[in-house]
Amino acid sequence: MIHTSETRNTVSSTPISITSAASFAKPVHLVPSAWHEHAPFAAWIVEAVAPDLVVELGTHNGFSYFQFCESIARSGLDTRAIAVDTWVGDDHAGFYGEDVYESVKRINDADYARFSTLFRGTFDEALSAVDDGSVDLLHIDGRHGYADVRHDFDSWRPKLSARSVVLFHDIAEYDNGFAVWQLWEELTEEFPGFGFRHGHGLGVLVTGAEPSHAVRTFLEDAAIQPELVRSIYEGLGARVEHDYEDSLRVIEATRRIAQLEGEVHAGRAEVIGLQQQLADLRGSTSWKVTKPLRAARSLGRSDG
Ligand SMILES: C[S@@+](CC[C@H](N)C(=O)[O-])C[C@H]1O[C@@H](n2cnc3c(N)ncnc32)[C@H](O)[C@@H]1O
């Protein structure tokens, strides 16, 4: 076949239905989290929903939230984002100190303050700060007991818009009282959705009656090839986790080098100190007085 200018291969800028360039972007803020492996999908879903408002329930160090924010910033969307957390922790995530909130605030102020707000309070307290029908993308990642996550979903349900999508973390965790899987099973009877199993599981629930074209196409394609979609995002997610582990190794190696340099420095100072002592001793009167004695000793050694 002869390629004319019309038939020649071209690189389309239209994202294919399950990935886009966003899915391959590296996280800017690789903070500790059990969510690393979902960063590629987080970046993709923001572009796919093109939300006016994103709300996250449960932010901790900010990893998932910063992925949403980074995708908003990169794509130039006119989106507002709200992160809700008490920033004291809970008995599932563990309790933590004030430094966690300070670090999230520092990053938010520096990079995302133009469109992002941190709401420090309970999920219930934040309800009055958000209009009904206004949330296009909701991420639920608070406590993971059945009653907790059921309450979080039911209380925030009136806030969801006609094109809303709700993400649930930990749908593939079955121990320690985690029961998001149970709510996920119930909700997928009522709404269309797609579940990832890697990275503790991420449920993508299409709650709006009028989802975006990209979200609809994703659901259709994912229904045809679910394992392909899962393995693509599992592979992309593994790269993020790998990068995180590398970053920990860099931190540890840097710490160890600093420690060894300190020891070398201390060792050098000790050598200099001892050399000085030796020089002082050699220059001392008693050293000079005992010179014949040392000479006689060395003579005795060579005679023997
Ligand atoms: C699993 S962590 C969130 C992890 C985070 N999404 C990430 O990317 O790593 C859960 C967070 O939810 C918060 N949390 C749990 N229940 C809450 C509630 N009812 N109101 C406010 N914050 C809550 C905890 O303080 C904790 O920081």
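First listed ligand is number 1; within each ligand, the first listed atom is number 1. Quantities reported herein were computed from a predicted structural model and do not represent experimental measurements.
Formation of a donor-acceptor pair under 3.5 Å by the Ser71 side chain with backbone atoms of Phe68 is not found in this model.
Rounding to the nearest 0.5 Å places CD of Gln276 at 10.5 Å from CG of Leu281.
The side chain to side chain donor-acceptor pair (under 3.5 Å) check on Glu252 picks up Arg255, with sequence neighbours excluded.
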At less than 3.5 Å, what protein N or O atoms come close to the N or O atoms of ligand 1? Include the distances to 0.1 Å.
residue, atom, partner, partner atom, Å
ligand 1, 6 (N), Gly58, O, 2.9
ligand 1, 6 (N), Ser64, OG, 2.9
ligand 1, 6 (N), Asp141, OD2, 2.8
ligand 1, 8 (O), Ser33, OG, 3.3
ligand 1, 8 (O), Ser64, N, 3.0
ligand 1, 8 (O), Ser64, OG, 2.8
ligand 1, 9 (O), Ser33, OG, 2.6
ligand 1, 20 (N), Phe123, N, 3.0
ligand 1, 22 (N), Thr86, N, 3.3
ligand 1, 25 (O), Asp85, OD1, 2.7
ligand 1, 25 (O), Gly89, N, 3.1
ligand 1, 25 (O), Tyr96, OH, 3.4
ligand 1, 27 (O), Asp85, OD1, 3.3
ligand 1, 27 (O), Asp85, OD2, 2.8
ligand 1, 27 (O), Tyr96, OH, 2.6

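You'll find the side chain of Tyr65 stays beyond 4.5 Å of the side chain of His60, heavy atoms only. You'll find the side chain of Leu202 stays beyond 4.5 Å of the side chain of Ile171, heavy atoms only.
Using modelled atom types, one finds no donor on one side chain facing an acceptor on the other under 3.5 Å when comparing Ser75 with Glu47.
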